[in-house]
Amino acid sequence: MTLERRPDALTPEAAAQAPESPGLTVVIPTFNERENVAVLVDRLETVLAGIAWEAVFVDDDSPDGTAAAVKALATSDSRIHCLRRVGRRGLAGAVLDGMMMSAAPHLAVMDADLQHDERLLPRMLALLDAGQADLVVASRYLEAGAEPEGLSPSRRLGSRVAVAIARRVLRADISDPVSGFFMIRREAVDRVAQRLSDQGFKILFDIIASQPAPLRIVELPFDFGRRRAGASKLDSRIVIDYLGLVFSKLSGGLLPPRALFFALVGTCGLVVHLISLRIGLALGLAFISAQGAAAVVAMTSNYLVNNAITYRDRRLHGWKLITGYLKFCGLCGLGLVANVAVAGLVHQFEPIWWLAGAAGALFGAAWNYVTTFLAVW
Ligand code: GDD
Ligand code: MN
């Protein structure tokens, strides 16, 4: 006897009772949106009447209890799902996880704070259904001269710059490639899922940039309203994340965004080192002592800046900040030894000073990046 149930084992009566499987999954990332979820579900219900839909809320364990609020709704409505992610933070990763839960042919992504006009959803779906597009983006910039009122002046400028860079990199004529509101065929996400970065905010940009063949994109204009309750989680560090993603894409995905930040921080560390050395010498230290002190200053600032930017999603605090620092110094010390050893080796075979020096430095930097990634953060 076998316990396995084959799909064709479903009796016609059972099949008739099983609810229709959704044709549309709306993925909604949340962080501290408790006040907004019920209103959003209400609005979805109204606007998607007659459509088989489901909503997947992906909550990063919000302290305000958003997940509990969604689950309360889910007990009386089987179309509502909540994925509560524990110990993780990040918009792109949350959206990606939500998308991976879906078996529907179409996926929509929208914010929970009601800044995205849900009345666009049926039109987006109609465009995908009619086979006129693979991706429909709700754009904040489609109307000439339109300025989204939901953004502060500095965010507006930042957003414009991001859009300009994205257009260059994507080589797609799209006015708002960083929009957080879009609908896409699930297969278009599935085929690039493994290539998508879970860091940062720019999931749409990443999906478009990762496609093997260009997607057919249609944009619809909408007014980006003000958020209803709570506060935005986007801050200046998001811009940094975004630049990392753009660079990563420019390197053909070879280098993760983190590696680029690590290298950037290391380069700035060199400047810090030289300034410290100058100060040490001005204070009358002997060259060797000043060089040693400058190295410690640079290493410490590199550690703190990497902790704040490169690894901001797994930032170390308190006691761990100190043990992490000791590990970081130990590993970078070994990196220095490896750097000199490699440079010496290269120099033996090919006595070109800059080639040997660069090879050593590169090896040392790669060593530092990989070992501190594994052991410290
Ligand atoms: N799960 C999860 N994890 N959700 C998050 C996180 C996170 O770390 N950070 C933000 N969210 C959720 C918010 O709760 C909200 O539903 C949505 O993602 C958008 O976050 P906001 O903080 O409201 O972003 P915004 O309105 O400032 O930014 C909008 O414009 C950006 C482009 O400028 C959003 O639409 C972004 O998606 C968009 O990229
Ligand atoms: Mn918002």
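Just so you know, these numbers use all the heavy atoms, side chains as well, and skip hydrogens, waters and symmetry mates. In each ligand, atom 1 is the first atom listed, and ligand 1 is the first ligand listed. This one's a predicted model, so the numbers in the text were calculated from it and none came from an experiment.
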**Q** Does ligand 1 have a heavy atom under 4.0 Å from the side chain of R85, from its backbone, from both, or from neither?
**A**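 No part of R85 comes within reach of ligand 1.
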
**Q** Any atoms of ligand 1 less than 4.0 Å from a non-hydrogen atom of G90? List them with their elements.
**A** 3 (N), 7 (C), 8 (O)

**Q** Using heavy-atom distances only, which candidate in I203, I28, V58, L91 approaches atom 1 (N) of ligand 1 most closely?
**A** V58

**Q** Treating D111 as the side-chain partner and D113 as the backbone partner, does any N or O pair qualify as donor plus acceptor under 3.5 Å?
**A**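 Not confirmed, D111 side chain does not pair with D113 backbone.
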
**Q** In the shown structure, where waters are left out, how many protein N, O or S atoms lie under 2.8 Å from the Mn ion (ligand 2)?
**A**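 Of the protein's nitrogen, oxygen and sulfur atoms, 2 lie under 2.8 Å from the Mn ion (ligand 2).
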
**Q** Please list all pairs meeting side chain to side chain donor-acceptor pair (under 3.5 Å) that have one or both residues in residues 365-377, counting only residues at least two apart or in different chains.
**A** N307-W377

**Q** Using a strict 4.0 Å cut-off to heavy atoms of D113, name the atoms of ligand 1 that fall inside it.
**A** 23 (O), 26 (O)

**Q** Does T25 reach the main-chain N or O of S102 with its side chain, forming a donor-acceptor pair under 3.5 Å?
**A** no

**Q** Run the numbers for me: atoms of ligand 1, each under 4.0 Å from some heavy atom of V178, listed by number.
**A**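 The atoms of ligand 1 under 4.0 Å from a heavy atom of V178 are 32 (C), 38 (C), 39 (O).
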
**Q** Show me which atoms of ligand 1 lie under 4.0 Å from any heavy atom of A112.
**A** 16 (O)

**Q** Report yes if E33 has an N/O atom closer than 3.5 Å to an N/O atom of ligand 1; otherwise report no.
**A** yes

**Q** If the cut-off is 4.0 Å to any non-hydrogen atom of K202, which atoms of ligand 1 fall inside it?
**A** 32 (C), 39 (O)

**Q** Without hydrogens or angle criteria, can the side chains of S139 and S175 be said to hold a donor-acceptor pair below 3.5 Å?
**A**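 Yes.
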
**Q** Test of understanding: given a 4.0 Å heavy-atom threshold, classify the contact between A94 and ligand 1 as side chain, backbone, both, or neither.
**A** side chain

**Q** Say whether, by atom type as modelled, one donor and one acceptor occur between the side chain of S179 and the main chain of D176 under 3.5 angstrom.
**A** no

**Q** Out of all atoms in ligand 1, which are within 4.0 Å of some heavy atom of R140? Include the element for each.
**A** 30 (O), 32 (C), 33 (O)

**Q** Check this for me: R216, atom CZ, are more than 12 non-hydrogen atoms of other residues, nucleotides or ligands nearer than 6.0 Å?
**A** yes

**Q** Under 3.5 Å, is there a donor on one side chain and an acceptor on the other for E33 and T66?
**A** no

**Q** Please confirm whether the backbone N or O of D64 pairs with a side-chain atom of N32, one donor and one acceptor, at under 3.5 Å?
**A**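 Side chain of N32 to backbone of D64, a donor-acceptor pair under 3.5 Å: yes, one is there.
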
**Q** Once side-chain hydrogen bond (donor to acceptor under 3.5 Å, both in side chains) is applied, do any residues pair with R84, and if so which ones, sequence neighbours excluded?
**A** D61

**Q** Run the salt-bridge test on D190 and R185 with the 4.0 Å N-O cut-off and return the result as yes or no.
**A** no

**Q** Indicate yes or no: does K202 engage D206 in a salt bridge with an N to O separation below 4.0 Å.
**A** no

**Q** Using the salt bridge (Lys or Arg N to Asp or Glu O under 4.0 Å) rule, collect all pairs that involve residues 257-266, keeping only residues at least two apart or in two chains.
**A**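 Salt bridge (Lys or Arg N to Asp or Glu O under 4.0 Å) check on residues 257-266 returns R258-D313.
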
**Q** Numbering the atoms of ligand 1 from 1, which are under 4.0 Å from a heavy atom of H116?
**A** 35 (O)

**Q** Could you tell me, atom by atom, which parts of ligand 1 come under 4.0 Å of a heavy atom of R89?
**A** 7 (C), 8 (O), 9 (N)

